[in-house]
Enquirer: 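Quick one: the structure is below, and I'll ask about it shortly.
Along the sequence shown, residues are numbered consecutively beginning with 1. The figures here come from the full heavy-atom set of this structure, side chains too, leaving out hydrogens, waters and symmetry mates.
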Amino acid sequence: MMSINQEISEEPQNKSSEIVLSVNGVSKKFCRDLKRSLLYGVQDIASEVLGIREKSENLRSKEFWALQDVSFQLGRGESIGLVGKNGSGKSTLLRIIAGLIKPDTGLVEINGRVAPLIALGAGFNPILTGRENIYANMSILGLSKKEIDERFDAVVDFAEIGDAIDSPVQTYSSGMAARLGFASAIHTEPEILLLDEVLAVGDAKFRTKCYRKLSKLREKGTSFVLVTHNSPTIQANCEKAIWLSNGKLLAKGDAISVSQKYEEHLFSQKVEQSTGVMHLPEKAESQSFGIGITSIYFKDDKGKQVQSPLSGQSIRLCVKCKAYQEINDLMLAVLVSERGGEGERVLDLNNFRDQKLFKVMPGEIELQLHMLNCGLRPAFYTMKIFIGKMPTDIYDMVESFPFQVISDDYSYRYLFYQQRDWQLFSKDNRGE
């Protein structure tokens, strides 16, 4: 595996030579002690008023670097994703770009209007109506009353809150407030959008609508910075990405390479190197329900054990068991979820639904699930495995079997692998 301090790849060239955001050597420090933090704040304000404050690269007692020497650029119409664990500095960086806090060292240069969606609806006054909050928020983002008048109907239509527009926001559900917050921000038509996990809220229909709107804004030249823990979202919506850890920029480059290397590092810290193979202690007959799982692994079609399935290729999941009695109609159930992002379940398979139940005799056996073409995209996954009898009898189970799917092509860009064939039909060619 590549060293995490190594540059993953060269940054892609800008679509446009015009740079709308330049972050140059930005650092920010905070204090872990509340009393000291208040004292340092008073000292810094007094020094700044007197014109004697100097930006220091030294930490005072109880201080730490939330960001340290971060630099990157964003061109017009480009998008960049920020990846990293909680506490890595992503939200701090967005707040500095938005102008909500000042860096201790470094400089942020912005060319155009910035709309920060750091928390949808967070700036709403709960006792004001939705209509009043639209005017207040969009004016803060730089629009005149005339401009807001011209866009008001479009905001309300996008938010889909109907007659509630004239009700106090405190009567809104969190989803309604989120829709109104997003609609207000995007209809300012900013040069730069800052998105901090805000698209994780709302239903699937609303999220799809948001992404379509973002795509249209990018076509018009809007750039955006996106923070999310969902790597597929970064890969699908961003050209570039930067990886932050403990305030430091570990890597920057194209979104696919950076997010994949981040996931590899993240899960290599949590699972043993034996990912893709699991051996379990054999249960005594008295401790089992007649059968127990002893190992789990993958094999190719030649019977060779492999550590990681290859996306789009044939693979066999093997569940080795020790049976102590004859069992008719044994079920093998497999549930697969992504380890990154929102941990969504992507596969739910069992041989009961497929009407392929096993008849087991006493001894060592190997149950196989043959996936003719592994449709999973390259990523880290966890698998829950059950053996038992329908509808409720579970003889044994493995709660979490971690594995990785790899690829030898550009499948990182897809949600799943599609088996395919290509043909040409014409008057003189009947599909040869």
Enquirer: Is the backbone of Lys29 close enough, under 3.5 Å, to the side chain of Asp104 for a donor and an acceptor to pair up by distance?
Expert: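 Confirmed, Asp104 side chain pairs with Lys29 backbone.
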Enquirer: Are Asp196 and Arg95 close enough, and set up right, to give a salt bridge (charged side-chain N to carboxylate O under 4.0 Å, His left out), and what steps lead you there?
Expert: CA-CA 10 Å; Asp196 189 0; Arg95 282 165 169 75; 3.8 Å; yes
Enquirer: So which atom in Phe158 and which in Ala183 form the shortest heavy-atom distance, rounded to 0.1 Å?
Expert: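 The pair with the smallest heavy-atom distance is CD2-CB, 3.8 Å.
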Enquirer: Please round to the nearest 0.5 Å and tell me the distance separating atom CG of Leu193 and atom CG of Leu214.
Expert: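 Going from CG on Leu193 over to CG on Leu214, the span is 6.5 Å.
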Enquirer: At what distance, to the nearest 0.5 angstrom, does CD1 of Ile80 lie from CG of Leu82?
Expert: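 The distance works out to 6.5 Å.
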Enquirer: Quick one: do Arg345 and Glu338 make a salt bridge, cutoff under 4.0 Å?
Expert: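 No, no charged N to carboxylate O under 4.0 Å.
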Enquirer: Please answer whether the main-chain N or O of Asn133 pairs with a side-chain N or O of Asn137 as donor and acceptor at a distance below 3.5 Å.
Expert: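 Side chain of Asn137 to backbone of Asn133: a pair is present.
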Enquirer: Between the side chain of Ser223 and the main-chain N/O of Ser79, is any donor-acceptor distance below 3.5 Å?
Expert: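 No, because the side chain of Ser223 does not come within donor-acceptor range (under 3.5 Å) of the backbone of Ser79.
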Enquirer: Would you say that Ile296 contacts Ile385 through its side chain, given a criterion of any heavy-atom pair below 4.5 Å between the two side chains?
Expert: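 Heavy-atom side-chain distance check passes, below 4.5 Å.
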Enquirer: Tell me whether Asn350 at atom CG has more than 12 heavy atoms from other residues, nucleotides or ligands lying less than 6.0 Å away.
Expert: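 More than 12 within 6.0 Å, yes.
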Enquirer: Under the criterion side chain to side chain contact (heavy atoms under 4.5 Å, CB included), I'd like the reasoning laid out for Thr294 against Leu280: C-alpha separation, chi angles, the key distance, then a yes or no.
Expert: CA-CA 5 Å; Thr294 58; Leu280 299 137; 5.6 Å; no
Enquirer: Please find the pair of heavy atoms, one from Phe224 and one from Cys238, that lie closest to each other, and give the distance.
Expert: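 Heavy atoms of Phe224 and Cys238 come nearest at CE1-SG, 4.5 Å.
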Enquirer: Using the side-chain hydrogen bond (donor to acceptor under 3.5 Å, both in side chains) criterion, which residues pair with Lys299? Sequence neighbours excluded.
Expert: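 side-chain hydrogen bond (donor to acceptor under 3.5 Å, both in side chains) check on Lys299 returns Glu366.
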Enquirer: Just by modelled atom types, is the Arg218 backbone N or O under 3.5 Å from a matching donor or acceptor in the Thr222 side chain?
Expert: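 Between the backbone of Arg218 and the side chain of Thr222 there is no qualifying donor-acceptor contact (under 3.5 Å).
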Enquirer: Using the salt bridge (Lys or Arg N to Asp or Glu O under 4.0 Å) criterion, which residues pair with Lys220? Sequence neighbours excluded.
Expert: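 Counting only residues at least two positions away or on another chain, Lys220 forms no salt bridge (Lys or Arg N to Asp or Glu O under 4.0 Å).
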Enquirer: Under 4.5 Å between any side-chain heavy atoms of Leu330 and Leu367, yes or no?
Expert: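 SC-SC contact between Leu330 and Leu367 confirmed.
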Enquirer: Considering only heavy atoms from C-beta outward, does the side chain of Asn24 approach that of Val70 to under 4.5 Å?
Expert: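 Sidechains of Val70 and Asn24: no contact.
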Enquirer: Is it true that atom OH of Tyr324 has more than 12 heavy atoms of other residues, nucleotides or ligands lying nearer than 6.0 Å?
Expert: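 Result for OH/Tyr324: enclosed.
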Enquirer: Under 4.0 Å between a side-chain nitrogen and a carboxylate oxygen: does that hold for Asp301 and Arg316?
Expert: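 Salt bridge flag = yes for Arg316 with Asp301.
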Enquirer: In the structure I gave you, are the side-chain heavy atoms of Met331 and Asn351 within less than 4.5 Å of one another anywhere?
Expert: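 Yes, at least one pair of side-chain atoms sits under 4.5 Å.
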Enquirer: Between Ser88 and Ser245, do the side chains contain a donor N or O and an acceptor N or O under 3.5 Å apart?
Expert: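 No donor-acceptor contact under 3.5 Å links the two side chains.
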Enquirer: For Phe352, does the CZ atom have more than 12 heavy-atom neighbours from other residues, nucleotides or ligands under 6.0 Å away?
Expert: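 Counting other residues, nucleotides and ligands, CZ of Phe352 stays at 12 neighbours or fewer.
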Enquirer: When you measure from the side chain of Lys90 to the backbone N and O of Lys85, does any donor-acceptor pair fall under 3.5 Å?
Expert: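 Judged by distance alone, yes, a pair lies under 3.5 Å.
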Enquirer: Lys320: what forms a side-chain hydrogen bond (donor to acceptor under 3.5 Å, both in side chains) with it, not counting sequence neighbours?
Expert: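 Counting only residues at least two positions away or on another chain, Lys320 forms no side-chain hydrogen bond (donor to acceptor under 3.5 Å, both in side chains).
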Enquirer: What residues form a side-chain hydrogen bond (donor to acceptor under 3.5 Å, both in side chains) with Glu282, not counting sequence neighbours?
Expert: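 Expected list: Lys322.
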Enquirer: Rounded to the nearest 0.5 Å, how far apart are CD1 of Ile365 and CD1 of Ile327?
Expert: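 Separation between the atoms: 7.0 Å.
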Enquirer: Applying side-chain hydrogen bond (donor to acceptor under 3.5 Å, both in side chains), name anything that partners Lys216, two or more places apart in sequence or on another chain.
Expert: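 Applying side-chain hydrogen bond (donor to acceptor under 3.5 Å, both in side chains) to Lys216 gives none.
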Enquirer: Taking the side chain as every heavy atom from C-beta outward, state whether Tyr381 and Val405 have any pair of such atoms under 4.5 Å apart.
Expert: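 Sidechains of Val405 and Tyr381: in contact.
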Enquirer: In chain order, what residues pass the ring pair (Phe, Tyr, Trp, His ring centres under 6.0 Å) check against Tyr395, with sequence neighbours excluded?
Expert: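 Tyr395 satisfies ring pair (Phe, Tyr, Trp, His ring centres under 6.0 Å) with no other residue.
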Enquirer: Between the main-chain N or O of Asp254 and the side-chain N or O of Ser257, is there a donor-acceptor pair closer than 3.5 Å?
Expert: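 No, because the side chain of Ser257 does not come within donor-acceptor range (under 3.5 Å) of the backbone of Asp254.
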Enquirer: Can you see whether Ser314 engages His370 through a side-chain donor-acceptor pair at a distance of less than 3.5 angstrom?
Expert: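 His370 and Ser314 do have a side-chain donor-acceptor pair below 3.5 Å.
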Enquirer: Give the minimum heavy-atom separation between Ile192 and Val20, together with the two atoms involved.
Expert: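 What the structure gives for the nearest pair is CD1-O, 3.4 Å.
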Enquirer: Go through the steps to decide whether Lys209 and Glu160 satisfy the test salt bridge (charged side-chain N to carboxylate O under 4.0 Å, His left out), and finish with yes or no.
Expert: CA-CA 11 Å; Lys209 186 177 181 178; Glu160 299 178 358; 2.8 Å; yes
Enquirer: I'd like to know if the side chain of Asn373 reaches the main chain of Gly375, judged simply by a donor and an acceptor atom lying under 3.5 Å from each other, with no hydrogens or angles considered.
Expert: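 It does not hold such a pair.
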Enquirer: Taking atom CG of Leu244 and atom OG of Ser91, what is their separation to the nearest 0.5 Å?
Expert: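 The distance works out to 10.5 Å.
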Enquirer: By the salt bridge (Lys or Arg N to Asp or Glu O under 4.0 Å) test, which pairs, at least two apart or in different chains, include something from residues 229-238?
Expert: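 Of all non-adjacent pairs touching residues 229-238, none passes salt bridge (Lys or Arg N to Asp or Glu O under 4.0 Å).
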Enquirer: Any chance you could lay out the side chain to side chain contact (heavy atoms under 4.5 Å, CB included) test for Leu332 and Val319, step after step, and finish with the verdict?
Expert: CA-CA 9 Å; Leu332 171 63; Val319 180; 4.1 Å; yes
Enquirer: Once salt bridge (Lys or Arg N to Asp or Glu O under 4.0 Å) is applied, do any residues pair with Arg151, and if so which ones, sequence neighbours excluded?
Expert: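 Scan of Arg151 (salt bridge (Lys or Arg N to Asp or Glu O under 4.0 Å), adjacent residues dropped) gives none.
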Enquirer: Are any non-hydrogen side-chain atoms of Gln305 and Val277 less than 4.5 angstrom apart?
Expert: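 Side-chain contact under 4.5 Å: yes.
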Enquirer: So, does Ser27 use its side chain to make a donor-acceptor pair with the main chain of Asp69 at under 3.5 Å?
Expert: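 Present.
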Enquirer: Give a yes or no on whether the backbone of Ala159 and the side-chain of Arg179 come within a donor-acceptor separation of less than 3.5 Å.
Expert: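 Flag set: sc Arg179 to bb Ala159 pair under 3.5 Å.
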Enquirer: Do Val108 and Val26 have side chains that approach each other closer than 4.5 Å (heavy atoms only, starting at C-beta)?
Expert: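 With C-beta onward as the side chain, the pair touches.
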Enquirer: Phe386: which residues meet the ring pair (Phe, Tyr, Trp, His ring centres under 6.0 Å) condition with it, sequence neighbours left out?
Expert: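 Expected list: none.
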Enquirer: Tell me if the NZ atom of Lys248 is crowded by more than 12 foreign heavy atoms within 6.0 Å.
Expert: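 No.
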Enquirer: Is there a donor-acceptor pair under 3.5 Å between the side chain of Glu326 and the backbone N or O of Met361?
Expert: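 Not confirmed, Glu326 side chain does not pair with Met361 backbone.
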Enquirer: Write down the atom of Lys252, the atom of Ser71, and the distance for their closest heavy-atom approach.
Expert: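 What the structure gives for the nearest pair is NZ-O, 3.4 Å.
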Enquirer: With heavy-atom distances below 4.5 Å as the criterion, would you say the side chains of Ile406 and Pro378 are in contact?
Expert: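 Not in contact.
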Enquirer: Which atoms form the tightest heavy-atom contact between Ala185 and Pro190, and what is the distance?
Expert: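 Taking Ala185 first and Pro190 second, the nearest heavy atoms are O-CD, 3.9 Å.
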Enquirer: Grab the two heavy atoms, one from Val169 and one from Asn125, that are nearest each other, plus how far apart they are.
Expert: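 Closest pair (atom of Val169, atom of Asn125, distance): CB-O, 4.1 Å.
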Enquirer: For Lys356, what residues pass the salt bridge (Lys or Arg N to Asp or Glu O under 4.0 Å) criterion, not counting sequence neighbours?
Expert: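 Here no residue qualifies.
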Enquirer: Not counting sequence neighbours, list each pair that qualifies as a ring-ring contact (aromatic ring centres under 6.0 Å, His included) and has a residue in residues 295-314.
Expert: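 Sorted pair list: Phe298-Phe401, Phe298-Phe403.
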Enquirer: Among all residues two or more places apart in sequence or in another chain, which pass the salt bridge (Lys or Arg N to Asp or Glu O under 4.0 Å) test with Arg353?
Expert: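 By the salt bridge (Lys or Arg N to Asp or Glu O under 4.0 Å) rule, Arg353 matches Asp348.
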Enquirer: After noting the C-alpha distance and the side-chain angles of Val258 and Ile242, does the key distance pass the side chain to side chain contact (heavy atoms under 4.5 Å, CB included) rule?
Expert: CA-CA 7 Å; Val258 172; Ile242 64 175; 5.9 Å; no
